[in-house]
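A note on names: the letters A, B, ... follow the listed sequences, proteins ahead of strands, and every chain is numbered from 1.
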Number of protein chains: 2
Amino acid sequence: MKALSQVGKYGLRALLYLVAYPPKNQYLSIREISDELGLSFHFVTKIFRELTEKGILISYRGPSGGIALAKPAEEIMLIDVIKALEGEDYFDKCLIGLPHCGTAKPCPVHEFWKEVKTKMQKNFSETSLALLGEKIRTMEVRLDD
Amino acid sequence: MKALSQVGKYGLRALLYLVAYPPKNQYLSIREISDELGLSFHFVTKIFRELTEKGILISYRGPSGGIALAKPAEEIMLIDVIKALEGEDYFDKCLIGLPHCGTAKPCPVHEFWKEVKTKMQKNFSETSLALLGEKIRTMEVRLDD
DNA sequence: CATATTTAAGAGTATTTAATCTTAATTAAG
DNA sequence: CTTAATTAAGATTAAATACTCTTAAATATG
Ligand code: SF4
Ligand code: SF4
């Protein structure tokens with residue numbers, strides 16, 4: 001049960017590095033993140049560009065440029081990141097996708113599947129990047145390769 | 001959040017058709033199922049071949065041949081079908097896939113993700129194809145295109 | 001035995017996702 | 001003003017997934 005695509009996993013991981021180990025300078029360069037985590041610089045760049053477009057990151061070009069959170073980590077919820085990386089419809093997906101499906105006659109797995117999605121949605125909505133970053137720091141969780 | 005691949009969705013759907021509308025004869029032909037559901041005959045055939053290898057279906061070639069459940073529908077649990085179609089490791093997947101992850105220092109989403117997977121695993125283990133088939137029949141859920 | 005029907009097996013094609021590469025634009029610093 | 005550092009943008013390639021096609025094997029029936 002793959003919950004996230006590679007874009008989602010790498011994006012979240014790179015973002016968590018930024019949050020858990022915030023730089024002294026205003027901006028942290030993508031090169032440092034990708035080197036530190038052992039991820040492809042170009043791939044991370046592409047992912048971060050999306051996050052910048054979506055308003056989760058801000059970026060600055062040129063020497064000593066890089067990326068930074070657009071808002072305080074306390075105000076960015078995990079659900080925002082996942083929706084930005086996987087699509088706004090992330091929690092609207094159906095389990096078996098019957099063509100004639102409707103609320104009138106939902107298939108027998110619908111109720112349960114909705115419960116699962118609601119549980120995840122709730123949890124992700126309540127989890128801030130700040131909290132995740134702090135846990136990563138205090139538990140000394142390794143994000144690198 | 002895509003929980004099943006196309007193979008998983010189509011396979012489950014085709015299987016549910018067989019269970020919900022069992023044939024008079026011993027075997028139901030794949031052609032009838034694929035026509036009835038509007039799915040590709042070849043694709044369903046390929047999927048069913050896997051389910052036959054995995055011991056969920058039995059097949060019989062030649063005129064009036066087709067496929068049938070290998071066991072009573074009461075004894076086939078949804079989890080068996082999903083594991084057969086998506087892989088035995090379906091519930092072992094990780095949310096963010098940190099390379100150095102271990103039980104010693106789990107990442108901050110691990111506990112929650114384990115809960116979600118356990119909930120699904122439990123539900124799927126308790127749900128038989130017979131139950132799903134009956135609900136589909138009584139609720140008149142449409143499986144076709 | 002000949003033929004039609006059906007699944008088995010696997011090759012082949014198309015689409016989507018993942019990852020890489022190239023070039024341009026921006027900016028700091030000498 | 002020149003150069004180096006950095007992200008932006010998009011083209012290109014690679015790999016995985018989804019689907020299609022062809023041929024073979026099995027079996028019932030006339
Ligand atoms: S009822 Fe729900 S789970 Fe079932 S096919 Fe429709 S949307 Fe999907
Ligand atoms: S701790 Fe769990 S969720 Fe986190 S990276 Fe490891 S396996 Fe994945």
- Query: Between C:dA19, D:dC19, C:dT27, which nucleotide gets closest to the side-chain atoms of A:P63?
  - Reply: C:dT27
- Would you classify A:F48 as touching base, sugar-phosphate or nothing, given that sugar-phosphate means primed atoms plus P, OP1 and OP2, and contacts are heavy atoms under 4.0 Å? nothing
- Message: Can you tell whether the side chains of B:K119 and B:E115 come within less than 4.0 Å, N to carboxylate O?
- Response: no
- Message: Whether A:Y10 contacts C:dA19 is assessed here as follows: a side-chain N or O lying under 4.0 Å from the phosphate OP1 or OP2. Is that the case?
- Response: yes
- Query: Picking from C:dA8, D:dA28, C:dA18, which would you name as closest to the side chain of B:S59?
  - Reply: C:dA8
- Task: Looking only at side-chain atoms of B:F43, point me to the closest of C:dA18, D:dA18, D:dA9.
- Result: D:dA18
- Note on the structure: Of the listed C:dT7, C:dC21, D:dC19, the closest approach to the B:S29 side chain comes from C:dT7
- Task: Look at the rings of A:Y27 and A:Y60 and say which category their plane angle falls in: under 30° parallel, 30 to 60° tilted, over 60° perpendicular.
- Result: parallel
- Query: What about B:K46: does its side chain form a donor-acceptor pair under 3.5 Å with the base of D:dT20?
  - Reply: yes
- Task: Go through C:dG12, C:dT20, D:dT7 for me and flag the one nearest to the A:H42 side chain.
- Result: C:dT20
- Message: Do the side chains of A:E134 and A:R137 get close enough for a salt bridge, i.e. N-O under 4.0 angstrom?
- Response: no
- Minimum-distance nucleotide (side-chain atoms of A:S40 versus C:dT20, D:dA8, C:dA19): C:dT20
- Of C:dA28, C:dA18, C:dA8, the nucleotide closest to the side chain of A:S5 is C:dA18
- Whether over 12 other heavy atoms sit under 6.0 Å from B:K135 NZ: no
- Query: Given C:dT7, is OP1 or OP2 found less than 4.0 Å from the side-chain N or O atoms of B:Y27?
  - Reply: no
- Query: So does A:R61 reach the base of D:dA8 with its side chain, donor to acceptor, closer than 3.5 Å?
  - Reply: no
